[in-house]
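To keep things clear, I will list the structure first and then write my remarks on it.
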Amino acid sequence: MVSNLGDWRRTHDCNALRASDIGKKVTLMGWVQRRRDHGGVIFVDLRDREGLTQIVMSPELNKAVHEKAENLRSEFVIAIKGEVAARPEGSLNEKLPTGEVEVNVEELKILNTSIVPPFMLDEYSNVSEDVRLKYRYLDLRRPELKSNLIMRHQITKTMREFLYSKGFIDVETPFLTKSTPEGARDYLVPSRVNPGKCYALPQSPQMFKQLLMIAGFERYFQIVRCFRDEDLRADRQPEFTQLDIEMSFIDSKDLMGIMEELFITIFDQVLGVKLEKGFPTMSYDEAMEKYGHDAPDTRFELYLKTINETVKGCGFKVFNEAVEKNGCVKALNAIGAGKAFSRKDIDDLTDFVVSLGAGGLAYIKVNEDGLQSPIVKFLGEDVAAAVVKEMDAKPGDIIFFGAGDKYTVNLYMSKLRLKLGAMLGLIDRDKHSFVWVLDFPLLEWDADGKRWAAMHHPFTSPLDEDVALFDTDPGKMRAKAYDLVLNGSEIGGGSIRIHRSDVQEKMFATLGLTEEEKAYKFGFFIDALKYGTPPHGGIAFGVDRVATILTKSTSIRDVIAFPKTQKATCLMSDAPSFIDDKQLKELYMKFEVAENK
RNA sequence: GGGGGCGUAGUUCAGUUGGUUAGAACGCUGGCCUGUCACGCCAGAGGUCGAGGGUUCGAGCCCCUUCGUCCCCGCCA
């Protein structure tokens with residue numbers, strides 16, 4: 001039944017033929033998407049990468065071809081020769097670009113058969129993700145993943161072309177590199193020729209790209225895989241792709257300007273969307289105050305507000321304690337929620353914030369005839385009225401409150417804000433809201449380790465006017481750092497780097513690194529800084545996250561050809577796997593866990 | 001490390017208070033069908049109810065343990 005390809009070659013793809021091609025003799029190849037057998041005439045939707053074309057096999061035209069076509073099943077690979085014909089009146093298919101025509105098959109080759117696929121490869125069937133992941137090569141045949149990966153390709157193609165045109169040079173950096181135990185956990189690779197030693201896979205090429213600036217490349221980029229051994233999320237994979245960029249002789253504004261141009265170009269070329277020049281900026285402090293998060297979703301206007309002053313000394317113990325213990329009370333006016341939300345909605349929202357660490361969810365519902373709330377009797381009428389006024393709440397609104405330590409309040413109130421935005425229909429899925437977040441603190445206090453930690457990374461430069469604070473008040477220092485946020489997702493971040501070795505030494509000293517640690521981890525880098533390092537800075541974008549947003553996907557896995565599960569396994573290849581003793585022995589390795597079952 | 005959802009036919013799901021032989025749709029197989037396009041009609045096959053243990057006269061359903069997957073917290077310089 002199966003034939004060789006022989007000298008047959010395609011003349012067209014399956015998305016090429018139009019009414020203007022009627023009468024042409026063509027050769028098409030592809031997969032059987034679906035067979036419709038009418039006893040007499042048989043229709044097959046032939047699929048290749050580009051699209052679908054209906055081919056027709058009828059006993060009148062060629063009896064042998066028709067008989068062979070009765071054997072066709074889903075996902076058989078076939079080649080046909082035939083003539084392009086107009087479809088009979090009334091049988092045009094407006095859903096297909098090729099829907100005006102069909103191909104009357106004169107010769108049919110079955111190039112390969114297929115066993116029955118475990119799920120239907122159409123756009124209609126919902127299939128659970130674990131099944132899709134096990135048969136990823138089949139899932140990739142379906143329209144959704146196929147178009148996602150094609151769009152991802154268009155994104156990286158545009159990135160490359162734009163950066164080439166701006167004089168950026170594509171340089172590769174090592175995957176087998178040195179472990180730097182700061183930051184995320186490293187993936188380690190044991191070295192056979194250096195017993196007992198390991199390489200680490202890079203969490204990012206941070207030091208290498210700075211070394212390329214020291215080396216004088218001036219403008220560097222790389223679309224590069226990075227590895228972090230941390231727990232996964234819907235937007236996090238253990239290996240992910242960055243667009244990594246570094247430039248010399250520039251300051252923040254120069255770099256941000258070029259990156260805006262890059263995204264304007266991507267949106268134009270990939271989506272056909274024209275973006276305005278001059279992305280808005282916001283300070284870290286403003287983002288935390290109004291959105292409770294350093295990656296604000298600016299597509300909709302619901303804002304958090306700290307109301308410590310208004311509720312200070314009120315009769316509600318939860319609020320009072322938050323204020324007194326240097327925490328905060330934050331309010332959020334859900335405009336119009338009064339009508340939209342049932343009691344159960346509010347209960348569900350309460351469960352939601354409690355699961356994120358809240359003690360409960362206080363609220364005041366503003367009705368025409370007064371305030372409805374379990375907490376007004378504690379707050380007091382005056383304070384309640386003041387809060388309503390401060391939040392500019394009108395009848396039909398509900399004010400929600402969070403109280404406690406700042407970190408927890410921001411965590412759940414920011415998530416509540418997003419949930420309310422969705423429930424109230426405030427989020428326009430077609431909107432693309434960029435914002436630069438600036439003026440990050442340089443350092444944050446690590447309460448466990450009782451030391452300062454770099455918020456971004458230890459090579460980030462402080463603002464020029466803040467450098468003196470290293471000796472007096474490190475917590476007050478602001479960084480020359482910038483994050484680019486799109487629709488509430490941090491798609492990239494970077495900074496102007498420290499290019500003077502004396503400042504870098506100060507940074508390491510503030511982070512509490514001993515001389516030995518410094519020399520062991522960063523010695524080569526500190527040396528390099530002494531050889532005429534130009535002022536430089538850079539940024540890295542999460543290519544997977546950008547692709548997730550542009551394809552309107554809900555998970556990063558939907559824009560990665562072969563992703564890992566939440567436990568960092570591959571359901572298709574079954575990686576990671578046990579290693580046999582011989583291989584381990586060569587690496588001088590022994591595991592202290594149960595061996596192969 | 002912690003919290004939550006899900007797990008029943010190839011797939012997506014239903015399965016009442018614990019009670020006879022576990023159902024539906026799609027897919028699959030066979031038959032019929034000459035203008036369909038998620039074709040239609042008829043018939044049929046298809047089950048380790050994730051796994052293990054327990055309670056019970058009796059478990060898909062209750063209890064315990066465990067595995068897988070998804071979402072979240074911690075973690076992610």
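We name chains A, B, ... by the order of the sequence lines, and we start the count at 1 in each one. Only heavy atoms go into these numbers, but all of them, side chains included; no hydrogens, no water, no symmetry mates.
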Original post:
When we call it a touch if two heavy atoms are under 4.0 Å apart, what does A:Asp122 touch: a base, just sugar-phosphate, or nothing?
Top reply: nothing
Original post:
B:rG7 pairs with which nucleotide, Watson-Crick or G-U wobble, both distances below 3.5 Å?
Top reply: B:rC67
Subject >> Distance, C1' atom - from B:rG54 to B:rG1, rounded to whole angstrom >> reply: 29 Å
Original post:
In whole Å, what is the span from the CG atom of A:Asn71 to the C1' atom of B:rG30?
Top reply: 14 Å
**OP:** Just name whichever nucleotide pairs with B:rG19, Watson-Crick or G-U, keeping both distances under 3.5 Å, else none.
**Re:** B:rC57
Original post:
With centres under 5.5 Å and planes under 30°, do A:His38 and B:rC33 count as stacked?
Top reply: no
Original post:
For nucleotides 69-77 of chain B, read 5' to 3', which letter fits each nucleotide if B means a protein heavy atom sits under 4.0 Å from the base, S means only the sugar-phosphate is that close, and - means neither?
Top reply: SBBSBBBBB
Subject >> Distance between P atoms of B:rU16 and B:rA22 (Å, rounded) >> reply: 15 Å
Original post:
Can you tell me how far C1' in B:rC49 sits from the matching atom in B:rA9, rounded to whole Å?
Top reply: 10 Å
**OP:** Could you measure between the two P atoms, the one in B:rU17 and the one in B:rC62, and give it in whole Å?
**Re:** 11 Å
Original post:
Between B:rC26 and B:rC41, how far is it from one P atom to the other, in whole Å?
Top reply: 8 Å
Original post:
Regarding A:Lys178 and the six-membered ring of A:Phe522, is the cationic atom NZ or CZ under 6.0 Å from the ring centre and inside 45° of its axis?
Top reply: no
**OP:** Take atom P in B:rG30 and the same atom in B:rA38, then report the distance between them in whole Å.
**Re:** 24 Å
Original post:
Is the NZ or CZ atom of A:Lys419 positioned over A:Phe352's six-membered ring, under 6.0 angstrom from the centre and within 45° of the axis?
Top reply: yes
**OP:** In whole angstrom, give me the gap between the P atoms of B:rC37 and B:rG10.
**Re:** 29 Å
**OP:** For nucleotides B:rA43 and B:rG5, find the distance between their C1' atoms and express it as a whole number of Å.
**Re:** 40 Å
Original post:
Does the aromatic ring of A:Phe119 sit over the six-membered base ring of B:rG27, closer than 5.5 Å centre to centre and tilted less than 30°?
Top reply: no
**OP:** Using the salt bridge (charged side-chain N to carboxylate O under 4.0 Å, His left out) rule, take A:Glu505 and A:Lys518 through it: C-alpha gap first, then chi angles, then the decisive distance, then the call.
**Re:** CA-CA 9 Å; A:Glu505 295 268 12; A:Lys518 218 167 61 183; 2.5 Å; yes
**OP:** Kindly confirm whether the side-chain ring of A:Phe43 is stacked on the base of B:rU36, judged by centres under 5.5 Å and planes under 30°.
**Re:** yes
**OP:** Ignoring backbone atoms, test whether A:Ser128 places a side-chain nitrogen or oxygen under 4.0 Å from the OP1 or OP2 oxygen of B:rU11.
**Re:** no
**OP:** Please tell me which of A:Pro88 and A:Arg34 maps to the more 5' nucleotide of RNA chain B, matching each residue to the nucleotide holding its nearest heavy atom.
**Re:** A:Pro88
**OP:** Give a yes or no on whether A:Lys552 atom NZ has more than 12 heavy-atom contacts from other residues, nucleotides or ligands under 6.0 Å away.
**Re:** yes
**OP:** Provide the Watson-Crick or G-U wobble partner of B:rA43, both distances under 3.5 Å; none if there is no partner.
**Re:** B:rU29
